[in-house]
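None of these values were measured; they are calculated from a predicted model.
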Amino acid sequence: MRIALMVIRLFWIAPYYFIRIWWCGISSKVSFEESFHFIKKVTKKANHAGRVTIETYGIENIPKEDGFIFYPNHQGLFDVLVFLDSCPRPFSFVAKKEASNIILLKQVIKALGAYAMDREDIKQSMKVIISMAEEVKTGKNFLIFAEGTRSKMGNRLLEFKGGSFKSAVKAKCPIVPCALIDSFKPFDEKSIRPVTVKLIYMPPIYYEEYKDMKTLEIAQEVKRRIENTVSIYLNHV
């Protein structure tokens, strides 16, 4: 219902947005940064049209130098839009393979040089992990959901998979835990009432802190930090 509201309220300019994003994905004249900032602009317009407010905390925790990976909890289909709306720094992301065939999202994936991962194909998944690590080394930022799939349990988390952290280990880059709160509400609830989603960028975990840990241990620690942050918020509302 909310997606329909977004489309209806932006119907007069939606074709232009779609064509421009498509062009960003095929033109060598459009830089990654230009593509990101245009998609960010469209995302803000869409969220406003859909009556969604994004509250962001901890922007100061984002590393000053590029070449890091965001690791948030995964609540719903709206999650990436929260980051595109709020994050001041260009980033790309890893989506599940099925998402790469959805209209508009398909064009966004191409425009941002994002990856579509087939989690049923271990070989393909490892290629994505390695490719992402190589790009992070060159200074590109990424977002990946370590749960692998949305929790479908509101603000409760699933287990974080260790394999998702192999990119960070290979790139020796900062890991930025991020806590999403109520991000499942915009698209997963059958309502168009105004809703507020919160995103907390947490202090990064640098390579020196996790270099001696196994990827599963890193996953458990990142999950613990996010769960604590979500719990603190929920206990104060």
Side-chain angles (χ1 to χ4, degrees), residues 1-15 17-18 20-22 25 36 38-57 70-87 91-112 114-119 142-158 160-161 164 177-201 226-227 229-230 233-234 237:
M1 293 177 64
R2 197 175 302 274
I3 294 175
L5 177 64
M6 290 176 173
V7 173
I8 290 170
R9 296 186 69 181
L10 295 175
F11 79 95
W12 57 280
I13 200 169
Y17 285 160
F18 179 83
R20 179 76 179 274
I21 292 172
W22 168 78
F36 175 82
F38 181 73
I39 292 170
K40 180 181 181 69
K41 174 183 175 181
V42 174
T43 300
K44 283 182 171 292
K45 295 283 187 182
N47 288 346
H48 179 73
R51 308 175 78 190
V52 182
T53 299
I54 309 298
E55 291 186 1
T56 309
Y57 305 90
F70 292 124
Y71 284 92
N73 51 320
H74 195 8
Q75 294 195 335
L77 299 174
F78 189 74
D79 295 351
V80 173
L81 296 184
V82 182
F83 280 86
L84 287 171
D85 186 305
S86 71
C87 187
F91 69 89
S92 190
F93 59 92
V94 176
K96 61 181 181 180
K97 181 183 177 182
E98 294 78 5
S100 64
N101 294 318
I102 299 174
I103 191 169
L104 186 56
L105 185 52
K106 178 179 181 179
Q107 284 71 34
V108 169
I109 287 174
K110 193 168 184 179
L112 294 181
Y115 290 99
M117 180 183 285
D118 183 354
R119 295 187 182 273
F142 273 88
L143 179 154
I144 186 169
F145 296 105
E147 288 163 286
T149 186
R150 51 197 172 120
S151 72
K152 298 183 181 180
M153 297 186 297
N155 289 309
R156 294 172 58 191
L157 280 65
L158 297 175
F160 278 32
K161 294 178 171 58
S164 300
C178 303
L180 284 165
I181 298 170
D182 292 340
S183 187
F184 62 93
K185 292 183 176 180
F187 287 170
D188 293 0
E189 291 187 346
K190 295 181 179 180
S191 169
I192 58 172
R193 64 181 177 81
V195 62
T196 297
V197 176
K198 290 180 169 56
L199 170 58
I200 301 95
Y201 294 96
I226 295 174
E227 278 186 324
T229 297
V230 172
Y233 166 78
L234 293 177
V237 296

Out of curiosity, [X] [atom1] to [Y] [atom2], how far, rounded to the nearest 0.5 Å?
| X | Y | atom1 | atom2 | value |
| --- | --- | --- | --- | --- |
| Arg20 | Ile39 | CZ | CD1 | 10.0 Å |
| His74 | Leu157 | NE2 | CG | 11.5 Å |
| Leu77 | Ile102 | CG | CD1 | 7.0 Å |
| Ile3 | Phe187 | CD1 | CZ | 4.5 Å |
| Ile192 | Arg9 | CD1 | CZ | 9.0 Å |
| Ile200 | Asn73 | CD1 | CG | 8.5 Å |

* Using the side-chain contact (heavy atoms from CB on, under 4.5 Å) rule, pick out the option among Ile144, Val108, Leu84 that qualifies with Phe93. => Val108
* Looking at Asp79 and Arg150, does any basic side-chain N land under 4.0 Å from a carboxylate oxygen? -> no
Given side chains that start at C-beta, do those of [X] and [Y] come closer than 4.5 Å, heavy atoms only?
| X | Y | value |
| --- | --- | --- |
| Asn47 | Met6 | yes |
| Leu180 | Phe78 | no |
| Phe184 | Asn155 | yes |
| Cys178 | Leu199 | yes |
| Arg51 | Arg2 | yes |
| Pro177 | Tyr71 | no |
| Thr229 | Ile181 | no |
| Arg119 | Ser164 | yes |

So which heavy atom on [X] is nearest to which on [Y], and how close?
| X | Y | answer |
| --- | --- | --- |
| Cys87 | Phe36 | O-CZ, 3.8 Å |
| Asp188 | Gly76 | OD2-CA, 3.8 Å |
| Val195 | Pro186 | CG1-CG, 4.0 Å |
| Glu147 | Leu158 | OE2-N, 2.6 Å |
| Ala46 | Leu10 | CA-CD1, 3.7 Å |

* Between Leu112 and Phe142, does a side chain to side chain contact (heavy atoms under 4.5 Å, CB included) hold up when you go through it step by step? -> CA-CA 10 Å; Leu112 294 181; Phe142 273 88; over 6 Å; no
* **Lys40 NZ: over 12 foreign heavy atoms closer than 6.0 Å** => yes
* Is there a donor-acceptor pair closer than 3.5 Å between any side-chain N or O of Gln75 and the backbone N or O of Gly154? -> yes
* Between the side chain of Lys44 and the main-chain N/O of Asp85, is any donor-acceptor distance below 3.5 Å? -> yes
* Anything under 30° is parallel, anything over 60° is perpendicular, the rest tilted; go ahead and classify Phe70 against Phe83. => tilted
* Parallel, tilted or perpendicular: ring planes of Phe38 versus Tyr17, cut at 30 and 60 degrees -> perpendicular
